[in-house]
Amino acid sequence: MIFTKHTMKKKSKEMEIMTIMQEQRNILWHSSLHILAVAVKRLFPGAKLGNGQVTDEGFFYDFDDLTVKASDLTLIQDEMEKIIDEGIKYENKIFQIQQALNFFRNEPYKLQILQRMDKNEKISLCSIGDFYDICSQSHINNCENIGAIKLLSIGGAYWMGNPKNQMFTRISGIAFENQEALGEFIAYSELLKKHDHRVIGKQLELFSFHPQAPGSVFWHENGLILRNLIISYWRKVHRKNGFREISTPILLDSSLWKQSGHWDHYKQSMYTTKIEDKEYAIKPMSCPGSILYYLEKSRSYRDLPLKVAELGLVHRNELSGTLHGLMRVRQFIQDDAHIFICPHQLSEQIQQVIKMSVDMIGEFGFRDFSFAVSVRSSEKTGKYLGNDEQWERAEATLKSSLEALNYTYCISEGDAKFYGPSIDIMINDCLGRKWQCSTLQLDFNLPQRFELEYTDVQGKKQTPLMLHRTLLGSLERFIGILLEHTKGQLPLWLSPIQAAVIPISSKYSEYGNTIFRMLEEKSVRAVIIDSEESLSKRIRQTVLFKIPYIVVLGEREVSNSVISVRKADEDESSVYNIQEFIDYIKKVERYRI
RNA sequence: GCCGACGUAGCUCAAUCGGCAGAGCGGCUGAUUUGUAAUCAGCAGGUUGGGGGUUCAAGUCCCUUCGUCGGCUCCA
């Protein structure tokens, strides 16, 4: 459903077909937004037209002087359907600006747009009956070709996207060729709800949120087990790849943040405090701490690449309206690392980071990736640090590193940070959504600001290059993505509870406890459910709690000293010796934790 | 932060025009001793997010505050 704004560098045949389908759909959606405007003007003549637009997920139109309730959506949708039934045709015509002004004499925002244009220019307008809109795009031939339409939401949106402007009322919707396609869309929306990590987190008792700390996670025991398992695997991978792990303070003198440049850019979203008249800030990222570590002693080219990783607890005062479950929080663990290198090591280190990312995220069940290289915007304004040559070389190195690994990528123009270009790795989840977790950023800024040095082979002082990178990004957010991808059915090695031991009746409780203790002793995460409820009910509880293995014990198992094991998502159970079962679980876990 | 909606028992939800706050699940107690997704019965559970107001009377109307959801802006 989600299509990225980026243009793919290379297109596969499939991509081409998708693009054609998307183009047709865009025409449909674009045609629909005019109808939305007509419907609103008919029902609410006082409303003033803003702009309409097609997005990746439908279309919207913004209006000023329009107050509508959620229940009005049905009213507007009915009106749109009426207009569609009228079968009015779209017409595009070219007008002189002067002439066009006349059409919009009661539409101040349309006038604003026209008045900004050169008076001698011509403009394309589209008409639907006696309704006119500024528009040069193509439409479907006739309204009747819109087979199904659905208005989805009312929201606010700043005029021209500028928060200094007033807020308009935005009505969003979606349209399809036919009812079946709309049905599929509704089914997909329902599916999304079932994968919502906030609901799953509550059901599986993984975490909670409380008004006393908005945007900060309270990890419950099962959620913390999951988080710790991820961390344990992360540490293993980093040790193997030559990283050293450090931990730096979360409260640091504001002078450090002034020196790093964060104070100028992000002061308003940093938490600060005064202690003995000195101002401190809680770290919003870990790099300055890492730099103080680098500066601790003089470094030689022999020490490079110096790979320093930190699971940094960072705080960012995200605006209240942007908080969203685990996906957007104010306190989180960032799996940061800083790699200090000599310039000639750049390409090799970039490739290593990409490999590490793809391998690690793949282990969590994400096999579908795409890559973006974020470069400067085409208007090379003064906001970027470093000179043109540095940038061009860096961008070229990022691209060639991906090419060396045979990865295709797209270019995200203008998405580079002010201090350097970056590679972003997007994972595609099972619902076709893209999430950016890993990012690798080149930094021209910090090594200079902190006067980082190393001694080269000739004994001369040189400035190292610095790579920032995260693989999972925020652990909180990554867990959110993982829960949505798996619908809470985590793989065995990540399940907070791996097996539920269920004796058929209290007669077999003793055997059940023996088995349970054997599993616990070998660090298999197990529970025993020997309450006096029916067997079916206890199995149901196990399945709802998404415990992957169900161990049922009765007369047959006791007399043969075996266990019956059923995978929660399979119908058949099999008989195992307890040691075979433990060995199997340990084998799955072995290379990860 | 801005625009809008929402907030009722642990959870999911009901309560007509302002007129006695309710159900299912979960919990507790008792009976049931179960072979792979809900055994039966009884009981308890509430300052309707917090504060203020209007009214004979407020879950319901108004103000305010906190939080959540959707959208905007932002996301080092």
Side-chain angles (χ1 to χ4, degrees), chain A residues 55 60 62 64 66-73 152-172 196 198-199 202-203 205 208-215 257 260-270 283-288 314 316-325 327-330 334 336 417-420 422 436 439 441 443 445-446 468 470 473-474 477 500 502-509 530-545 550-557 564-568 570-573:
Chain A
T55 67
F60 65 76
D62 294 345
D64 193 20
L66 174 67
T67 5
V68 281
K69 297 188 293 280
S71 56
D72 291 331
L73 278 187
L152 298 170
S153 69
I154 304 169
Y158 299 111
W159 170 234
M160 304 305 273
N162 185 344
K164 284 179 188 151
N165 290 340
Q166 73 200 96
M167 189 152 268
F168 282 24
T169 302
R170 171 168 297 181
I171 299 178
S172 316
D196 191 322
R198 293 166 298 189
V199 178
K202 178 129 200 127
Q203 278 167 354
E205 298 173 20
S208 60
F209 287 94
H210 299 274
Q212 291 82 349
W257 302 107
S260 71
H262 291 102
W263 200 258
D264 291 340
H265 283 269
Y266 301 108
K267 185 180 184 298
Q268 67 289 351
S269 50
M270 286 163 69
K283 69 176 175 186
M285 52 189 329
S286 299
C287 23
V314 296
R316 298 175 183 179
N317 185 27
E318 304 288 358
L319 295 176
S320 55
T322 63
L323 301 177
H324 181 96
M327 301 302 192
R328 189 87 180 260
V329 288
R330 287 185 172 148
Q334 193 179 40
D336 216 343
K417 315 303 170 212
F418 66 93
Y419 49 75
S422 63
Q436 186 215 305
T439 175
Q441 301 168 354
D443 191 339
N445 176 40
L446 290 177
H468 303 246
T470 64
S474 141
R477 182 166 170 274
I502 306 181
I504 282 176
S505 78
S506 57
K507 269 188 269 175
Y508 312 104
S509 272
D530 56 357
S531 52
E532 289 172 10
E533 286 150 326
S534 69
L535 176 68
S536 302
K537 184 159 187 177
R538 286 177 288 153
I539 286 173
R540 180 179 157 80
Q541 286 166 356
T542 306
V543 173
L544 289 178
F545 216 61
I550 305 168
V551 178
V552 172
L553 307 172
E555 189 53 44
R556 295 204 291 265
E557 288 73 21
S564 282
V565 180
R566 180 164 75 85
K567 240 184 136 178
E570 287 173 9
D571 294 334
E572 293 297 305
S573 65

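Since this is a predicted model, take the numbers as computed values, not measurements. Chain letters run A, B, ... following the sequence lines, proteins first and then strands; every chain starts at 1.
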- Message: Can you tell me the base-pairing partner of B/G30? Count Watson-Crick or G-U wobble geometry only, both distances below 3.5 Å, and say none if there is no partner.
- Response: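 Looking at the geometry, B/G30 pairs with B/C40.
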- Pair assignment for B/G70, Watson-Crick or G-U wobble, requiring both distances under 3.5 Å: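 Partner of B/G70: B/C3.
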- Message: If you assign each of A/Phe168 and A/Ala568 to its closest nucleotide in RNA chain B, which residue comes earlier from the 5' end?
- Response: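 Nearest-nucleotide comparison on RNA chain B picks A/Phe168.
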Answer with base, sugar-phosphate or nothing: what part of the nucleic acid does [X] contact at a heavy-atom distance below 4.0 Å?
{"X": "A/Lys202", "result": "sugar-phosphate"}
{"X": "A/Gly473", "result": "nothing"}
{"X": "A/Leu544", "result": "base"}
{"X": "A/His468", "result": "nothing"}
{"X": "A/Thr169", "result": "nothing"}
{"X": "A/Arg330", "result": "nothing"}

Rounded distance in Å - [atom1] ([X]) to [atom2] ([N]):
{"X": "A/Asp196", "N": "B/U12", "atom1": "CG", "atom2": "C1'", "answer": "15 Å"}
{"X": "A/Ile171", "N": "B/C3", "atom1": "CD1", "atom2": "C1'", "answer": "13 Å"}
{"X": "A/Asp72", "N": "B/A5", "atom1": "CG", "atom2": "C1'", "answer": "13 Å"}
{"X": "A/Gln212", "N": "B/G67", "atom1": "CD", "atom2": "C1'", "answer": "10 Å"}
{"X": "A/Met327", "N": "B/C69", "atom1": "CE", "atom2": "C1'", "answer": "15 Å"}
{"X": "A/Leu152", "N": "B/C69", "atom1": "CG", "atom2": "P", "answer": "19 Å"}

- Report the C-alpha distance between A/Cys287 and A/Leu446 in whole Å, list the side-chain angles of each, state the deciding distance to 0.1 Å, and finish with yes or no for side chain to side chain contact (heavy atoms under 4.5 Å, CB included). CA-CA 9 Å; A/Cys287 23; A/Leu446 290 177; 3.9 Å; yes
- Message: Could you check whether any side-chain heavy atom of A/Ile154 comes within less than 4.5 Å of a side-chain heavy atom of A/Arg170, counting everything from C-beta outward?
- Response: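 Side-chain contact under 4.5 Å: no.
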- Can you measure from CE (A/Met160) to CZ (A/Phe168) and round to the nearest 0.5 angstrom?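 Those atoms lie 9.5 Å apart.
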I'd like the [atom1] distance from [M] over to [N], given in whole Å.
{"N": "B/C13", "M": "B/U55", "atom1": "C1'", "result": "29 Å"}
{"N": "B/U33", "M": "B/C20", "atom1": "P", "result": "45 Å"}
{"N": "B/C61", "M": "B/C25", "atom1": "C1'", "result": "33 Å"}
{"N": "B/G59", "M": "B/A15", "atom1": "P", "result": "15 Å"}
{"N": "B/C11", "M": "B/G26", "atom1": "C1'", "result": "7 Å"}

- Given protein heavy atoms under 4.0 Å, the one-letter contact record of nucleotides 25-34 of chain B, with B base, S sugar-phosphate only and - none, is simply -S-----BBB
- Query: Can you tell which of A/His265, A/His468, A/Gln441 makes a side chain to side chain donor-acceptor pair (under 3.5 Å) with A/Tyr419?
  - Reply: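 Only one option passes, and that is A/Gln441.
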- Message: Pairing donors with acceptors under 3.5 angstrom, does anything connect the side chains of A/Glu557 and A/Tyr508?
- Response: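 No, because no side-chain N or O of A/Glu557 sits under 3.5 Å from a partner of the opposite role on A/Tyr508.
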- Query: Can a side chain N or O of A/His210 be found less than 4.0 Å away from OP1 or OP2 on B/C66?
  - Reply: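 No, no such contact exists.
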- Counting side-chain heavy atoms from C-beta on, which of B/U68, B/C3, B/G35 comes nearest to A/Met167?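 Looking only at side-chain atoms, A/Met167 lies closest to B/C3.
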- Shortest side-chain distance from A/Ser573, nucleotide among B/U36, B/A38, B/G35: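 Shortest atom-to-atom distance from the side chain points to B/U36.
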- Decide yes or no on side chain to side chain contact (heavy atoms under 4.5 Å, CB included) for A/Ile502 and A/Asp530, but give the supporting numbers first. CA-CA 6 Å; A/Ile502 306 181; A/Asp530 56 357; over 6 Å; no
- Would you please test A/Thr322 and A/His324 for side chain to side chain donor-acceptor pair (under 3.5 Å) and show each step? CA-CA 6 Å; A/Thr322 63; A/His324 181 96; over 6 Å; no
- Task: For the pair A/Trp257 and A/His262, name the ring-plane relationship: parallel under 30°, tilted 30 to 60°, perpendicular over 60°.
- Result: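 Taking A/His262 first and then A/Trp257, their aromatic rings stand perpendicular (interplane angle over 60°).
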Set out, line by line, the N/O atom pairs under 3.5 Å between protein and nucleotides 73-76 of chain B.
{"unit_1": "B/C74", "atom_1": "O2", "unit_2": "A/Arg328", "atom_2": "NH2", "d": "2.5"}
{"unit_1": "B/C74", "atom_1": "N3", "unit_2": "A/Arg328", "atom_2": "NH1", "d": "3.1"}
{"unit_1": "B/C74", "atom_1": "N3", "unit_2": "A/Arg328", "atom_2": "NH2", "d": "3.4"}
{"unit_1": "B/C75", "atom_1": "O2", "unit_2": "A/Arg328", "atom_2": "NE", "d": "3.3"}
{"unit_1": "B/C75", "atom_1": "O2", "unit_2": "A/Arg328", "atom_2": "NH1", "d": "3.3"}
{"unit_1": "B/C75", "atom_1": "O2", "unit_2": "A/Arg328", "atom_2": "NH2", "d": "3.4"}
{"unit_1": "B/A76", "atom_1": "O4'", "unit_2": "A/Tyr266", "atom_2": "OH", "d": "2.6"}
{"unit_1": "B/A76", "atom_1": "O3'", "unit_2": "A/Tyr419", "atom_2": "OH", "d": "3.4"}
{"unit_1": "B/A76", "atom_1": "N7", "unit_2": "A/Arg316", "atom_2": "NH1", "d": "3.3"}

- Query: Would A/Val552 and A/Ile539 satisfy side chain to side chain contact (heavy atoms under 4.5 Å, CB included), going step by step from the backbone distance to the final call?
  - Reply: CA-CA 9 Å; A/Val552 172; A/Ile539 286 173; 4.2 Å; yes
- Message: With a 4.0 Å cut-off on N to O distance, would you call A/Glu318 and A/Arg328 a salt bridge?
- Response: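 A salt bridge is present here (some side-chain N lies under 4.0 Å from a carboxylate O).
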